[in-house]
**Student:** 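First the structure, which I've put down as structure tokens, then a few questions once you've had a look.
When a residue number appears, it is its place in the shown sequence, counting from 1.
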Amino acid sequence: MQEQHIALVTETFPPEINGVAGTLGNLCRELARRGHRLTLIRPHQRDEPPGGHNPLFGERTLRVRGLPLPGYPTLRFGLGARRRLRRLWRQKPPDAIYVATQGPLGWSAVAAARELGLPCLSGFHTNFHQYSSYYGAGFMEPLIRSYLVAFHNRTGATLAPTTRICDQLSGWGVHTTHCWSRGVDSQLFSPDRRSRVLRAQWNAGNAPVVLYVGRLAAEKNLMQAVSTFERLRDCHPSARFVLVGDGPLRQTLERAHPEFIFRGTRRGVDLARHYASADIFLFPSESDTFGNVVTEALASGLAVVAFDQAAAREHIRHRVHGMKAPPGDTEGFTAAALELADRPGFRRQIGGNAREHAQTLDWSVLAERFEQLLLEPTEEAAQHDATPPVAGLHPY
């Protein structure tokens, strides 16, 4: 396909660390490799230098005003920029627009695209309608869901990471959905990065190391991972629990469990070494739309324990590539982890299968799929009356 100008609108992007930022970073790298010109529209990031970050993939970046996201002080949500975007896109119209996040910035981008008749697709990256129940605002879930339907129906189509999420959106009333999954960098995340030095720092020896990677927050169902590890440690007293990531629950967990190993935020090769140096990966979340950390763990040769949804449902065959429990089956989740701890040979076999499968999840293939969905003609989005944006409810 010949060079195209693609505008991407998002409230998070590298060097920020979260699933949406990681997905868009990988996507932009591959689109740039395919010769496309990229314009990124996002809020100013916390601690960003006045001149902005250096471009990662040759992209042009338009920074807009934003405010701190409540409960997530390291992230910002973008304020509406309809007039600015309309003026920009009238002068230099992109061939297509992808809106990854659904806050005021995303709403204004969709509105500007519709006014100018520009092709515009949206992405469903976060189940943030579910997050309200974790922060004492469960009564808002129907309102948030209605807003999401209105938002996505104002775009040509919505891209979601799994067929189950596509079905969910269709059930809500979103008119056009396409499945666009996620890849993994299997060169970066590899069993070859296993580190004796790191395991020695953890005082692990030959004991099983259990790993969690992700935000330390209520919506990640972290207490399931904690209770599972405590049961595992009853049988394997030398086992270690390593947590990579940060978030509002970190201080509480550190006070309650000083024996856990908290490693904070890790990036790149350092993060890959942490994956590869563990033995069992726990993914207790029941709110993620996908969970990129699952495919990173698979690529690293870890035995993954997860509930049967999102990335695990798409990429794990039970007892072949990992261990799955039905959603809500907390005892089944724990039992799976205990079996992996008790049977190191079985654990290694699963890790080898996981690695082999992950090597098929190439980002270049997924970028080609994205390119086809975004740049091929789509039916015009259905007309809906404007619905006021719900601000500050997108914890990625």
**Student:** Do side-chain atoms of Glu59 reach the backbone of Leu56 as a donor and acceptor pair under 3.5 angstrom?
**Tutor:**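 Such a contact is found between Glu59 side chain and Leu56 backbone.
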**Student:** Which of these, Arg86, Arg83, Arg90, sits in a salt bridge (Lys or Arg N to Asp or Glu O under 4.0 Å) with Glu115?
**Tutor:**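 Testing Glu115 for a salt bridge (Lys or Arg N to Asp or Glu O under 4.0 Å) against Arg86, Arg83, Arg90 leaves exactly one candidate, Arg86.
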**Student:** Tell me whether the centres of the aromatic rings in Phe229 and Phe260 are closer together than 6.0 Å.
**Tutor:**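 Aromatic pair counts; centres sit under 6.0 Å.
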**Student:** Can you confirm whether the side chains of Asp167 and Ser170 place a donor and an acceptor under 3.5 Å from each other?
**Tutor:**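 Side chains of Asp167 and Ser170: no pair found under 3.5 Å.
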**Student:** Quick check: do Asp279 and Arg194 have side-chain heavy atoms less than 4.5 Å from each other?
**Tutor:**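 When only atoms from C-beta onward are counted, Arg194 and Asp279 do touch, with a gap below 4.5 Å.
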**Student:** Does a donor on one side chain sit under 3.5 Å from an acceptor on the other, for Thr12 and Asn18?
**Tutor:**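 Their side chains do contain a donor-acceptor pair, which is all the 3.5 Å distance test asks for.
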**Student:** In sequence, state the C-alpha distance, the side-chain angles, and the governing distance for His44 and Arg65, and then conclude on side-chain contact (heavy atoms from CB on, under 4.5 Å).
**Tutor:** CA-CA 6 Å; His44 287 272; Arg65 292 183 302 151; 5.7 Å; no
**Student:** What do the steps show when you test Trp89 against Leu118 for side-chain contact (heavy atoms from CB on, under 4.5 Å), and what is the final call?
**Tutor:** CA-CA 9 Å; Trp89 289 341; Leu118 298 174; 3.8 Å; yes
**Student:** Please check: side-chain N/O of Ser277 versus main-chain N/O of His274, any donor-acceptor pairing under 3.5 Å?
**Tutor:**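 Not confirmed, Ser277 side chain does not pair with His274 backbone.
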**Student:** Quick one about Asn292 and Thr23 (side-chain donor to acceptor, distance below 3.5 Å, no hydrogens or angles considered), yes or no?
**Tutor:**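 Yes - a donor-acceptor pair under 3.5 Å links their side chains.
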**Student:** Are the side chains of Arg60 and Leu40 in contact, using a 4.5 Å heavy-atom criterion?
**Tutor:**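 The answer is no, as the side chains (C-beta and beyond) never meet within the 4.5 Å cut-off.
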**Student:** Is Ser190 reaching over with its side chain to a backbone N or O of Gln187, donor-acceptor style, under 3.5 angstrom?
**Tutor:**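 It does not hold such a pair.
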**Student:** Which word best sums up how the rings of Trp180 and Tyr98 line up, parallel for under 30°, tilted for 30 to 60°, or perpendicular for over 60°?
**Tutor:**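 If you compare the ring of Trp180 with that of Tyr98, the planes turn out perpendicular.
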**Student:** Testing Thr10, Leu85, Thr61 one by one against Ile41 for a side-chain contact (heavy atoms from CB on, under 4.5 Å), which residue passes?
**Tutor:**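 Among Thr10, Leu85, Thr61, the one that satisfies the side-chain contact (heavy atoms from CB on, under 4.5 Å) with Ile41 is Leu85.
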**Student:** Tell me, please, whether Trp107 has Arg154 positioned over its six-membered ring: NZ or CZ under 6.0 Å from the ring centre and within 45 degrees of its axis?
**Tutor:**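 Relative to the ring axis of Trp107, which defines the angle, Arg154 lies inside both limits.
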**Student:** I need the full list of side-chain hydrogen bond (donor to acceptor under 3.5 Å, both in side chains) pairs touching residues 318-332, with sequence neighbours left out, sorted by first then second residue.
**Tutor:**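 Found Arg231-Glu331, Asp308-Lys324, Arg319-Glu339.
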**Student:** Starting from Leu249, can I reach Phe283 by hopping between I/L/V/M/F/W/Y residues whose side chains sit under 4.5 Å apart?
**Tutor:**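 Result: no, two separate clusters.
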**Student:** In terms of hydrophobic clusters joined by side-chain contacts under 4.5 Å, are Leu253 and Leu282 together?
**Tutor:**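 Cluster IDs for Leu253 and Leu282 match.
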**Student:** Report yes if some heavy atom in the side chain of Glu230 is under 4.5 Å from a heavy atom in the side chain of His257; otherwise report no.
**Tutor:**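 A side-chain contact under 4.5 Å exists here.
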**Student:** State whether a side-chain donor-acceptor pair under 3.5 Å links Glu368 with Ser364.
**Tutor:**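 No donor-acceptor contact under 3.5 Å links the two side chains.
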**Student:** Just by distance, do the side chain of Gln201 and the backbone of Arg196 share a donor-acceptor pair under 3.5 Å?
**Tutor:**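 Pair absent, no side-chain N/O of Gln201 close to backbone of Arg196.
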**Student:** Taking all atoms of both residues into account, what is the closest heavy-atom pair of Ala325 and Gly332, and its distance?
**Tutor:**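 Ala325 and Gly332 have their closest heavy atoms at CB-C, 3.7 Å.
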**Student:** Once the angle between the rings of His315 and His357 is folded into 0 to 90°, is it parallel (under 30°), tilted (30 to 60°) or perpendicular (over 60°)?
**Tutor:**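 It falls in the tilted class, 30° to 60°.
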**Student:** For the backbone of Leu31 and the side chain of His36, can you confirm whether one donor and one acceptor N or O come within less than 3.5 Å of each other?
**Tutor:**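 Not at all, since once roles are kept as given, no pair shorter than 3.5 Å links the two residues.
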**Student:** Under 3.5 Å, is there a donor-acceptor pair between the side chain of Asn221 and the main chain of Pro284?
**Tutor:**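 A pair under 3.5 Å: yes.
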**Student:** side-chain hydrogen bond (donor to acceptor under 3.5 Å, both in side chains) between Glu296 and Ser300: does it pass, once the steps are laid out?
**Tutor:** CA-CA 6 Å; Glu296 291 170 357; Ser300 302; over 6 Å; no
**Student:** Between Phe307 and Phe333, is the gap from one ring center to the other below 6.0 Å?
**Tutor:**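 So the answer is yes for these two rings.
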**Student:** Treating Glu219 as the side-chain partner and Ser285 as the backbone partner, does any N or O pair qualify as donor plus acceptor under 3.5 Å?
**Tutor:**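 Between the backbone of Ser285 and the side chain of Glu219 there is no qualifying donor-acceptor contact (under 3.5 Å).
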**Student:** Could you tell me whether a side-chain N or O of Glu286 sits under 3.5 Å from a main-chain N or O of Gly328, the two making a donor and an acceptor?
**Tutor:**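 Pair found, side chain donor or acceptor close to backbone of Gly328.
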**Student:** Does some side-chain heavy atom of Val174 sit less than 4.5 Å from a side-chain heavy atom of Val149?
**Tutor:**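 Heavy-atom side-chain distance check passes, below 4.5 Å.
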**Student:** Can you give me the closest heavy-atom contact between Phe57 and Gly25, atom names plus distance?
**Tutor:**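 It is CZ-O, 3.2 Å.
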**Student:** For Ile280 versus Ala337, what's the shortest heavy-atom pair and its separation?
**Tutor:**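 Where Ile280 meets Ala337 most closely, the heavy atoms are CD1-O, 4.1 Å.
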**Student:** Between Arg182 and His125, do the side chains contain a donor N or O and an acceptor N or O under 3.5 Å apart?
**Tutor:**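 Arg182 and His125 do have a side-chain donor-acceptor pair below 3.5 Å.
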**Student:** Shortest non-hydrogen contact from Leu302 to Phe281?
**Tutor:**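 Minimum heavy-atom separation between Leu302 and Phe281: CD1-CB, 3.8 Å.
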**Student:** Mind checking what makes salt bridge (Lys or Arg N to Asp or Glu O under 4.0 Å) contact with Asp185, not counting sequence neighbours?
**Tutor:**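 Residues passing salt bridge (Lys or Arg N to Asp or Glu O under 4.0 Å) with Asp185: none at all.
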**Student:** Taking all non-hydrogen atoms of both residues into account, name the closest pair between Arg29 and Asn26 and its distance.
**Tutor:**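 Looks like NH1-OD1, 2.7 Å.
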**Student:** Within the 4.5 Å heavy-atom criterion, are Val294 and Ile316 side-chain neighbours or not?
**Tutor:**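 Yes, side chains in contact.
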**Student:** Linking I/L/V/M/F/W/Y whenever any side-chain heavy atoms sit under 4.5 Å apart, do Leu243 and Val305 land together?
**Tutor:**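 Same hydrophobic cluster.
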**Student:** Taking 4.0 angstrom as the limit, do Glu3 and Arg37 come out as a salt bridge?
**Tutor:**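 Judged by the 4.0 Å cut-off on N to carboxylate O distance, Glu3 and Arg37 do form a salt bridge.
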**Student:** I'd like to know if the side chain of Thr158 pairs up with that of Ser122 as donor and acceptor (distance under 3.5 Å, no hydrogens or angles considered).
**Tutor:**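 Looking only at side-chain atoms, Ser122 and Thr158 do form a donor-acceptor pair, the distance falling under 3.5 Å.
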**Student:** Do the side chain of Arg355 and the main chain of Ser186 share a donor and acceptor less than 3.5 angstrom apart?
**Tutor:**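 Side chain of Arg355 to backbone of Ser186, a donor-acceptor pair under 3.5 Å: yes, one is there.
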**Student:** Over all heavy atoms of both residues, which pair between Asn153 and His175 is shortest? Give the atoms and the distance, please.
**Tutor:**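 What the structure gives for the nearest pair is OD1-N, 2.8 Å.
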**Student:** Hey, quick one: are Val20 and Phe13 part of the same hydrophobic cluster, counting side-chain heavy atoms closer than 4.5 Å, chains of contacts allowed?
**Tutor:**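 In one cluster: yes.
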**Student:** If I take atom CG from residue Leu374 and atom CG from residue Asp95, how far apart are they, to the nearest 0.5 angstrom?
**Tutor:**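 One gets 9.5 Å once the value is rounded to the nearest 0.5 Å.
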**Student:** May I ask you to decide if Ala204's main-chain N or O and Arg240's side chain share a donor-acceptor pair within less than 3.5 Å?
**Tutor:**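 Here the side-chain-to-backbone pair does not exist.
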**Student:** Kindly indicate whether the side chain of Phe189, heavy atoms from C-beta on, has any atom under 4.5 Å from the side chain of Arg273.
**Tutor:**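 Side-chain contact under 4.5 Å: no.
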